[in-house]
Each structure stands twice: as C-alpha cells, then as structure tokens.
Amino acid sequence: MTLRLDPYLVMEGNAKEAIQFYEKALGAQQVFVQTFGEMPANPDYPLPSEANELIGHAMLMVGDTRLMLSDAFPGQPVQKGANVTICISIKDVEKSKAIYHALEDGGRVIIPLSESHFSPAYGQVVDKFGVGFHIFTDQPTNN
C-alpha cells in the first residue's frame, strides 16, 4: 500500500500569486493548475461568478515534495496560520474510507467522503486535534 502525505495550502483568493511566489522562492515547478471555472459544472452547487478565475486545485513540485494549494471557495473563511492542511493520497478506496472514518471520530466533517470528477473517493475532515485532512484516492490507471 502506498500512502503519501502532502502539505495543502488554502489561500484567500491569491493562489495564483502564491504559485508565482513559490516558483521564485523555492524553485517550484507547476504540475497541475485548474480554476474553479475549468472544473466540470455541478448543478447542485452552482459556481458563483467570482469563483471562475480562482484556483480550484494546483500541484507544484518542490524538489521531491508535492505542494498542493487552492483558493478558498467564496464564502469559506480562511484563518491565517490554520490554512495549512495535509492531503493523504492513497490508491485504495477501502483504505481511504477507513482512514477518513478514523480521522472523523471525534472530529468534524468538512466534505463528506464521496466520488468526484477527480477521485473515486475524496473528502475533507478536521480531526479531534484540529488538524485538517484531505483524503484523496488516486484514479485507477488503465496501463
């Protein structure tokens, strides 16, 4: 089983600026950048116009480390100093479920674990110690 922990930064609408900053300051290389407007539309959650150009997800490589970041969705507060979370990346849906449910015990669900356009099982939870986690299950590959 491969399990990876990556830092995940949530920005206050300045993720594009942060990407440029980390490219210069840390030699970061962009691997993936997508705005909320570029993501598939979800009729259950219409996208506010002010979110179109905000970063929905980005991944940078800093040396051998993946650094993930996004802008907060409009209306979601960002508390400076608490805007760093951990993304747990794993390839097994059942293990993702087990980790998610273990972390939510005594904690608080932010996004229920469910299938999305980018992952067969993705969710966000804050554990009982106040640490935020993204649970990301890699898409199966057809090699």
Trainee: Mind jotting down which residue pairs meet the salt bridge (Lys or Arg N to Asp or Glu O under 4.0 Å) criterion with at least one end in residues 46-55? Sequence neighbours excluded, please.
Mentor: K16-E53

Trainee: Closest approach of S96 and I90, non-hydrogen atoms and distance?
Mentor: OG-CG2, 2.6 Å

Trainee: Please report the shortest heavy-atom distance between D71 and N14, naming the atom on each side.
Mentor: OD1-N, 3.0 Å

Trainee: Test of understanding: with side chain to side chain contact (heavy atoms under 4.5 Å, CB included), list the residues that count as partners of S119, not counting sequence neighbours.
Mentor: S116, Y122, F136, T137

Trainee: Residues two or more places apart in sequence or in another chain: which of them pass salt bridge (charged side-chain N to carboxylate O under 4.0 Å, His left out) with K91?
Mentor: none

Trainee: Mind checking side chain to side chain contact (heavy atoms under 4.5 Å, CB included) for N42 and listing every partner two or more places apart, or none if nothing turns up?
Mentor: D44, Y45

Trainee: Apply side chain to side chain contact (heavy atoms under 4.5 Å, CB included) to M39 and list each qualifying residue two or more places apart in sequence or on a separate chain.
Mentor: Q34, F36, H57, H117

Trainee: State, yes or no, whether a side-chain contact exists between T85 and V131 at a heavy-atom distance under 4.5 Å.
Mentor: no

Trainee: Using the test side chain to side chain contact (heavy atoms under 4.5 Å, CB included), find all partners of V84 that sit at least two apart in sequence or belong to another chain.
Mentor: L9

Trainee: What closest approach, in Å, do A121 and L113 show between heavy atoms, and which atom pair accounts for it?
Mentor: C-CD1, 3.8 Å

Trainee: So which atom in M11 and which in V78 form the shortest heavy-atom distance, rounded to 0.1 Å?
Mentor: O-CG2, 3.9 Å

Trainee: Who are the salt bridge (charged side-chain N to carboxylate O under 4.0 Å, His left out) partners of E17, not counting sequence neighbours?
Mentor: none

Trainee: Are L47 and N52 packed together at the side-chain level, in the sense that at least one heavy-atom pair is separated by less than 4.5 angstrom?
Mentor: yes

Trainee: Under the salt bridge (Lys or Arg N to Asp or Glu O under 4.0 Å) definition, can you give me all pairs with a residue in residues 107-130, not counting sequence neighbours?
Mentor: none

Trainee: Could you list the donor-acceptor pairs under 3.5 angstrom formed between side-chain atoms of residues 18-32 and any protein atom two or more places apart in sequence or on another chain?
Mentor:
unit_1, atom_1, unit_2, atom_2, d
E23, OE2, Q30, NE2, 3.0

Trainee: State which residues pass side chain to side chain donor-acceptor pair (under 3.5 Å) with D6; sequence neighbours excluded, sorted by chain then number.
Mentor: R4, R66

Trainee: Salt bridge (charged side-chain N to carboxylate O under 4.0 Å, His left out) with E38: which residues, sequence neighbours excluded?
Mentor: none

Trainee: Can you pull the ring pair (Phe, Tyr, Trp, His ring centres under 6.0 Å) pairs that have at least one residue in residues 91-115, sequence neighbours excluded?
Mentor: none

Trainee: What are the two closest non-hydrogen atoms of I55 and V33, and how far apart are they?
Mentor: CD1-CG1, 3.5 Å

